[in-house]
Amino acid sequence: MSGHSKWATIKHAKGAADAKRGQMFTKFIKEISIAARMGGGDPAANPRLRTAILKARAANMPKDNIERAIKKGTGELGGSNYEELIYEGYAPGGVAILVEVLTDNKNRAAANVRNLFSKNGGNLGSTGSVAYMFNRKGVIEYDAEVASEEAVMDAALEAGAEDIQNEGGIITVTTDPNDFETVLEALQTKGLESVSAEISMVPDTCMSLDAETTRKVLKMIDRIEEDDDVQNVYSNIDVPDDFEMDE
């Protein structure tokens, strides 16, 4: 699990990220729409759409929003055509960054991402420059103050999860991408409400930096995530459990 993902999850679990819920729903809508456009609006016959809906439900996105997003993708409602792009680069301290973009304007997205890297002390790399450091995994996270670690572990392992860790107040379930739906549905059936659930890019190893550089990296990631075209940002920074964003 990348350090920043854990950091972001902790913020969310403690209620500090509620202001970003609308922005998060916007990203889900785009993801559901493009999945429906590419593979049709029936989740039973469209694995990518099924996964996108599961993620949205895990974040408590209303059913009406999900249905509208599907209709936008299938053309029943007017909607934009999105392109998928991946940008790779480095943040301060040499931290590897992967940026997943869904955009209806490729030139705008490219200019914005390049600008966000350069303005925040990072630099864009070429295709493949950092992607090899990450593996695609299913990642489901729970607030340890709300969910029982034993209940999560029992249900997850029974459903075929690869790993369960409890760190920094967050219980993280890791799966093979092909088993993500099965494991998430098994956990939801047990009444376990996740903080986040996604197919994620998990780094092979993480980097630890001094507090000042860590703050610069996290601020850069936050600014990239705020861009409307950006869907996901992954990094290999390790954020200590006792880290404070501001001193």
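We count residues from 1, following the sequence as given.
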Distance from [X] atom [atom1] to [Y] atom [atom2], nearest 0.5 Å?
X      : Y      : atom1 : atom2 : result
Asp238 : Thr214 : CG    : OG1   : 8.5 Å
Leu218 : Ile237 : CG    : CD1   : 5.0 Å
Leu49  : Ser33  : CG    : OG    : 9.5 Å
Phe25  : Lys30  : CZ    : NZ    : 16.0 Å
Asn60  : Asn65  : CG    : CG    : 12.0 Å

(Q) Once salt bridge (charged side-chain N to carboxylate O under 4.0 Å, His left out) is applied, what residue pairs with a partner in residues 123-140 remain, sequence neighbours excluded? (A)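 Applying salt bridge (charged side-chain N to carboxylate O under 4.0 Å, His left out) to every pair that reaches into residues 123-140, excluding sequence neighbours, yields Glu100-Arg136, Lys137-Glu162.
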
(Q) Quick test of your reading: applying salt bridge (charged side-chain N to carboxylate O under 4.0 Å, His left out), list the pairs with at least one residue in residues 115-129, sequence neighbours left out, ordered by first then second residue. (A) none

Q: State which residues pass salt bridge (Lys or Arg N to Asp or Glu O under 4.0 Å) with Arg57; sequence neighbours excluded, sorted by chain then number.
A: none

Q. Would you say the side-chain atoms of Thr174 and Asp163 include a donor-acceptor pair closer than 3.5 Å?
A. no

Q. Cut-off 3.5 Å, side chains only: do Glu150 and Ser148 have a donor facing an acceptor?
A.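 Their side chains do not contain a donor-acceptor pair, so the 3.5 Å distance test is not met.
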
Q) Under a 4.5 Å cut-off applied to non-hydrogen side-chain atoms, are Met201 and Asn232 in contact? A) no

Q: Side-chain contact test, heavy atoms from C-beta onward, threshold under 4.5 Å: evaluate it for Met133 versus Leu98 and give yes or no.
A: no

At their closest point, which heavy atom of [X] faces which heavy atom of [Y], and how far apart are they?
X      : Y      : result
Leu187 : Ala156 : CD2-N, 4.0 Å
Ala147 : Leu192 : CB-CD2, 4.4 Å
Asn236 : Thr205 : CB-O, 3.5 Å
Val173 : Tyr142 : CG2-CE1, 4.3 Å
Ile199 : Lys55  : N-CD, 4.4 Å

(Q) Run Gln165 and Thr172 through side-chain hydrogen bond (donor to acceptor under 3.5 Å, both in side chains) and show every step you take. (A) CA-CA 5 Å; Gln165 292 186 2; Thr172 303; over 6 Å; no

Q) What do you reckon, is CD of Glu84 surrounded by more than 12 foreign heavy atoms closer than 6.0 Å? A) yes

